Amino acid sequence: DAFGDWSSDVCSSDLDAQPLAMACWDISWLLQRDIRDGAYASLERVLDETERRGFNTLRLDPCPHLIATPENGIHMDRCELMPQGAPAVEVKIRHQLQQLLQSAHERGFKVWFSSRFINDSRARRSFVRRPEDFVAVWSETLSLVEQWGYLGDVAGLDFCYQFPSLPHAHGVARRVFRRSPERSLPSHWSATASERLEEYLRDIPRALHALFPSVPVGLSTTAALSEQLRQLDTSELDFLDFSLWLDDDPRYRLASGESMPAAGLLGKLANPMKQLLLDAGGMHWQRRLEDQLQRRMAFTRLRRLQPVISEGFVRQPQDLRKLPTGWADLHEMMVVNALTQGVEALTPTSLACPSYPWLWQEEEYLAHLNHLILSGSS
């Protein structure tokens, strides 16, 4: 066992012993739901397709800041979401979440909550600033889920996607870093900022554990953020969900031309170059991704955190026509490597969703990868 006897002394909200094969629906289940030709226009059909491909868990953004009742005490179920660079989308947030959870429950799906705190027409994400604000919106959301009868389906809760990155931690920027959320995070965190951030990592999971002891609470992170996390107290977290992208590797970005200006011919050549790199040197890039994985795993073992990989491994455009061979091979190798390292909650690729038709149509390939995950066959 990669974790030794770690499970004997952690809190009662350990991750479910059942392996999790995660489909990343995130906010797409809302944004692409009511469009006539949207990928999620027929919820029942997409759930059936997801089940056939072997997934048993949906990573969802339930928009807790919109589910929760605002300070004026008047909850309006109809919300106007305002995604960056896209038209506004009107949703009935509680109604649609309850409908999705009911349909998912009927098929035996677990759900994994992770919120990007999307902007809406009333800018309610701006009011989620302090640790107690996160506790308030998540506790009301989980209370509703419990009232509906689906709390047992919640396999994990990532209280803010890639915290404290922007724009997801919009309300946190001024309180912690004393800067506008329109600006990027500083490359170096001051001692004062680090102390403030530790309040979130400590207080949010502690409070949610007390209220909902069956729900594991943790954090998602990136390659850059995980280095900063090494300086912080993570003892109250149950899991660390680290994205594992080859695209974050500077050598890969340089070799593919992605780190060059994306204008004109260079931009058009980047994706074909990626295919050539993966087809010709897949083992080389696999070893570099393995190195990333081992570094993250060493950190989770040291901190006694359950490792989760809910997104990765190599990005691709949405308009491909077929599954690239080198890309497919690398993903299978990385799933096997993650299983060998002891990861029991992961995605075969976060691109495996209806928004990527070229991959979604590969039903047998995805079912094969998910079978490996659910059987633990490394």
Side-chain angles (χ1 to χ4, degrees), residues 22-43 46-47 50 58-68 70 75-101 111-129 133-134 137-138 141 157-174 180-185 220-222 225 241 243 245 247 262 310-311 315-319 347 349-357 359-360:
M22 303 171 73
C24 299
W25 284 24
D26 298 322
I27 195 68
S28 298
W29 73 277
L30 279 171
L31 297 182
Q32 301 178 32
R33 177 79 191 278
D34 292 329
I35 306 170
R36 180 181 300 175
D37 300 319
Y40 297 83
S42 172
L43 187 62
V46 175
L47 282 167
T50 305
L58 307 177
R59 188 177 76 170
L60 301 172
D61 187 341
C63 302
H65 58 309
L66 306 180
I67 290 281
H75 181 268
M76 298 177 64
D77 197 45
R78 195 179 297 274
C79 305
E80 189 176 43
L81 307 183
M82 302 178 68
Q84 283 187 316
V89 177
E90 190 175 272
V91 301
K92 293 181 179 178
I93 186 66
R94 289 188 180 183
H95 170 77
Q96 288 180 230
L97 180 61
Q98 183 178 15
Q99 183 183 41
L100 173 55
L101 293 179
V111 293
W112 185 275
F113 285 154
S114 176
S115 185
R116 285 164 165 78
F117 288 88
I118 188 171
N119 196 21
D120 79 307
S121 57
R122 285 177 279 170
R124 278 179 283 180
R125 66 178 181 178
S126 301
F127 299 100
V128 185
R129 304 187 186 106
D133 298 329
F134 283 93
V137 298
W138 276 117
T141 299
L157 188 154
D158 166 23
F159 68 81
C160 181
Y161 177 72
Q162 297 182 352
F163 181 86
S165 67
L166 297 169
H168 321 302
H170 180 90
V172 175
R174 292 189 192 279
S180 165
E182 307 305 321
R183 297 173 60 193
S184 58
L185 293 182
S220 59
T221 188
T222 64
L225 288 173
D241 177 4
S243 60
W245 291 105
D247 308 73
S310 74
E311 60 179 46
R315 292 185 176 89
Q316 292 285 357
Q318 290 180 297
D319 59 356
T347 182
T349 164
S350 42
L351 308 189
C353 60
S355 303
Y356 288 81
L359 179 57
W360 195 240

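Note that this is a predicted model, so its numbers are computed, not measured. Here, residue 1 is the first one in the sequence, and each next residue gets the next number. Below, all heavy atoms of this structure are taken into account, side chains as well, without hydrogens, waters or symmetry copies.
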Which residues satisfy the side chain to side chain donor-acceptor pair (under 3.5 Å) test with D61, sequence neighbours excluded?
S115

Rounded at 0.5 Å granularity, tell me how far [atom1] in [X] sits from [atom2] in [Y].
| X | Y | atom1 | atom2 | result |
| --- | --- | --- | --- | --- |
| H168 | Q162 | NE2 | CD | 5.5 Å |
| F134 | C160 | CZ | SG | 4.5 Å |
| F113 | L58 | CZ | CG | 10.0 Å |
| W112 | L60 | CH2 | CG | 12.0 Å |

If you look at every heavy atom in [X] and [Y], which pair is closest and at what distance?
| X | Y | value |
| --- | --- | --- |
| P83 | L31 | CB-CD1, 3.9 Å |
| D241 | R59 | OD2-NH1, 4.3 Å |
| L225 | T221 | CB-OG1, 3.3 Å |
| R124 | C79 | NH2-SG, 3.3 Å |
| C63 | I27 | SG-CD1, 3.5 Å |
| E311 | S350 | CB-OG, 3.3 Å |

Contact list for residues 77-86, test side-chain hydrogen bond (donor to acceptor under 3.5 Å, both in side chains), sequence neighbours left out:
R78-E90

Side chains of [X] and [Y]: does their closest heavy-atom pair fall under 4.5 Å?
| X | Y | answer |
| --- | --- | --- |
| Q316 | Y356 | no |
| L81 | I93 | no |
| M76 | K92 | no |
| W29 | L97 | yes |
| P64 | F117 | yes |
| S165 | T222 | no |
| Q32 | P354 | no |
| L66 | R122 | no |

R94 vs Q99, side chain to side chain contact (heavy atoms under 4.5 Å, CB included): CA-CA, chis, key distance, verdict
CA-CA 9 Å; R94 289 188 180 183; Q99 183 183 41; over 6 Å; no

Start with the C-alpha distance between C353 and V46, add both sets of side-chain angles, then the distance that settles side chain to side chain contact (heavy atoms under 4.5 Å, CB included), and finish with yes or no.
CA-CA 9 Å; C353 60; V46 175; over 6 Å; no

For the side chain of [X] and the backbone of [Y], is there at least one donor-acceptor N/O pair under 3.5 Å apart?
| X | Y | result |
| --- | --- | --- |
| Q96 | L30 | no |
| D158 | S220 | yes |
| H65 | I118 | yes |

The criterion is salt bridge (charged side-chain N to carboxylate O under 4.0 Å, His left out); which residues satisfy it with R116, sequence neighbours excluded?
D26

Run the salt bridge (charged side-chain N to carboxylate O under 4.0 Å, His left out) test against R125 and tell me which residues pass, sequence neighbours left out.
none

Any residue meeting ring pair (Phe, Tyr, Trp, His ring centres under 6.0 Å) with W25, in chain and number order, not counting sequence neighbours:
Y40

Listed partners of F163 passing ring pair (Phe, Tyr, Trp, His ring centres under 6.0 Å), at least two apart:
F159, Y200

Begin with the C-alpha distance, continue with both residues' side-chain angles, and end with the deciding distance and a verdict on side chain to side chain contact (heavy atoms under 4.5 Å, CB included) for F127 and V137.
CA-CA 10 Å; F127 299 100; V137 298; over 6 Å; no

